[in-house]
There are 2 protein chains.
Amino acid sequence: MTVRPTDTKEEILRLGTELIQVYGYNAFSYADISKKLDIKNAAVHYHFPGKEDLLAGIIDQYIQRYKELGARINAPGITAKQKLDVFISRYTDLCEQNKICIIGSVCSDYNTMPESVKAKLGELIEMVLGMVEKVLRQGKKTGELNFPETARVKSLLIMTNLAAGVQLARITGKKDYTAICKSIIDQVSV
Amino acid sequence: MTVRPTDTKEEILRLGTELIQVYGYNAFSYADISKKLDIKNAAVHYHFPGKEDLLAGIIDQYIQRYKELGARINAPGITAKQKLDVFISRYTDLCEQNKICIIGSVCSDYNTMPESVKAKLGELIEMVLGMVEKVLRQGKKTGELNFPETARVKSLLIMTNLAAGVQLARITGKKDYTAICKSIIDQVSV
DNA sequence: AGAAATACTTACTACTTAGTAAGTTACTTT
DNA sequence: AAAGTAACTTACTAAGTAGTAAGTATTTCT
C-alpha cells in the first residue's frame with residue numbers, strides 16, 4: 001500500500017464543492033476546475049465523466065461527512081445543547097467564508113438536475129433533518145431542551161433558519177446571521 | 001394614449017422571473033426566452049442589452065410590487081395577523097407552483113453578479129424585512145401578536161423559514177412547508 | 001408629407017460549454 | 001520482461017452562449 005501519487009479526484013471534489021458554495025452549480029465549468037488545479041479539462045472528465053457525476057460525487061461526500069459527524073456526536077458525555085451547537089457551527093463556518101450550504105445552493109438549480117441527483121439530495125436532507133430531530137427529541141426527553149413544536153417540525157424551523165440565514169448574510173451582512181443563531185439557542189433553552 | 005401594440009418587454013420580465021424561480025439565474029439563456037415568446041434573441045437584447053440588465057429589471061419589478069403590496073396592507077381594518085398572512089401566502093403561492101423565491105434563487109449566484117445588481121437585491125431584501133418588521137412591531141403593540149424576540153429578529157426568523165421552506169418543499173415535499181407555516185403563526189399567536 | 005423614433009428581424013461573431021477519441025507515461029501485476 | 005491498468009494529455013467537436021451591426025416595417029411627431 002503506497003502513498004497515492006496524486007489525489008486529483010479529491011482535489012476536484014473539494015474545489016467543486018467550494019465553487020458550488022461560492023458561485024452556484026450552473027455558474028462554474030470544468031474549465032474553472034482544470035485551470036485552478038493546473039490540469040486539462042479531460043482529466044476532470046476522466047474522474048467525473050459528466051457534470052452530474054461530479055455533483056453526485058460531491059453530495060455523496062457530504063453524506064459521508066454527515067455520517068461521520070453523526071458518529072462523533074453520539075459519543076458519551078456530550079449534551080444536547082453541545083450537539084445542536086455542532087450543527088450550528090457548521091453553518092457559522094460557512095458564513096464566515098462567505099459560502100452557502102450546498103443544499104441551498106443546488107436547490108436553485110434543482111429542476112436542471114437528473115433524477116438520480118435529486119434522489120441523492122433528498123437522501124442528504126432527510127439525513128440531516130433526522131439527525132437534528134434526534135438531538136432535539138432526546139434533549140427534550142432529558143429536560144435539557146424545551147420547545148412547543150414536535151422535534152421534526154422544530155428541526156425544519158432551525159434548519160431553514162440556518163440555511164437561509166447564511167444566504168441572507170451574504171447580502172445583508174453577518175450581523176443578521178448571528179442574531180438568528182442566538183434566537184435558535186434561546187428558543188430551545190429551558 | 002393608445003394601447004401598446006406589444007408588451008414584449010413585460011412578457012420578457014414575466015418569463016425571466018419564472019425562469020429564475022424554476023431553473024435559476026445561471027441556468028437559462030436568452031434563447032430560452034426568445035424561443036418561448038417566439039421572437040428573436042436580438043429582440044431580448046433590444047429591451048435588456050445584457051443579462052444583468054434583465055436581472056436588474058426583474059428585481060426592480062419585484063421591488064415595485066412589494067411597494068404596492070405595502071400600500072394595500074396599510075389600508076384600515078386589516079389585522080396584523082391578516083397582514084402577516086399576506087406575506088406568507090406569497091410564499092405559499094410560489095410553493096404550489098414549485099417555484100422558489102427569487103431572492104433565494106439569485107442568492108446562489110450572488111457572487112457572479114455585478115455590484116449594481118447586488119445593491120438592488122439588498123434594497124429589495126431590506127424592504128421586505130422592513131415591512132414584515134413593521135407588521136410585527138405594530139401587532140405586538142396592539143396586543144394582537146406576541147413573541148419574545150425583537151421585531152427585527154423575528155422578521156429574520158420568519159423570512160428565513162419561508163424562503164428556505166419553499167426551497168425545501170421542492171425536495172422533501174409540500175407537507176414540510178405547511179408545517180413550517182403553521183408554526184410561524186402559532187409562534188406569534190397570543 | 002417627411003423625419004424621427006420604436007420595435008423589432010436578419011445575419012453574424014467570438015467565445016465558452018460539456019464532452020470524446022486517441023495517444024502517452026508511469027506504475028503494477030503476472 | 002511483457003502485459004495490463006491508472007491517470008492523465010493532446011487535440012478535437014458540436015452545440016450553445018451572450019452579444020452586435022445593419023437593415024426593415026410601423027407608428028409618432030413636426
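Quantities reported herein were computed from a predicted structural model and do not represent experimental measurements.
The separation between A:D7 atom CG and D:dA7 atom P is 11 Å, rounded to whole Å. Summarising the geometry, the separation between CD1 on A:I39 and P on C:dT24 is reported as 21 Å, rounded to the nearest angstrom. A:Y30 has its OH atom 21 Å from the P atom of D:dA14, to the nearest Å. Whole-Å rounding puts the B:K35 NZ to C:dT9 P distance at 15 Å. Distance A:N26 CG to C:dA18 P: 9 Å, rounded to the nearest Å. With rounding to whole Å, A:H45 atom NE2 is found 13 Å from D:dC12 atom C1'. We find that CD of A:E10 is positioned 12 Å from P of D:dA7, with the value rounded to whole Å. Nucleotide D:dC8 holds its C1' atom 15 Å from the CZ atom of A:F48, rounded to whole Å.
Look at A:Y46 and you won't find any side-chain N or O under 4.0 angstrom from OP1 or OP2 of D:dC8. Proximity of B:H47 to the phosphate of C:dC8: a side-chain N or O atom is located under 4.0 Å from OP1 or OP2. When the side-chain nitrogen and oxygen atoms of A:T8 are compared with OP1 and OP2 of D:dC8, one or more of them lie within a distance under 4.0 Å.
Considering CG of A:L145 and NZ of A:K154, their distance stands at 10.5 Å, rounded to 0.5 Å.
For the 3.5 Å distance criterion, the side chains of B:D176 and B:T172 qualify, holding a donor opposite an acceptor. There is a side-chain donor-acceptor pair under 3.5 Å between B:Q187 and A:E149.
The side chain of A:K40 sits closest to D:dT10 out of D:dG19, D:dT10, C:dT17. Listed nucleotides: C:dA11, D:dC8, D:dA11. Nearest to the side chain of B:A42: C:dA11. Among the nucleotides D:dG19, D:dA11, C:dA18, the one closest to the side chain of B:N41 is D:dG19. If you check D:dT17, C:dT17, C:dT9 against the side chain of B:S29, the one that comes closest is D:dT17.
Around CD of A:Q97, the count of heavy atoms belonging to other residues, nucleotides or ligands within 6.0 Å exceeds 12. A 6.0 Å sphere centred on CD of B:E10 holds no more than 12 heavy atoms belonging to other residues, nucleotides or ligands.
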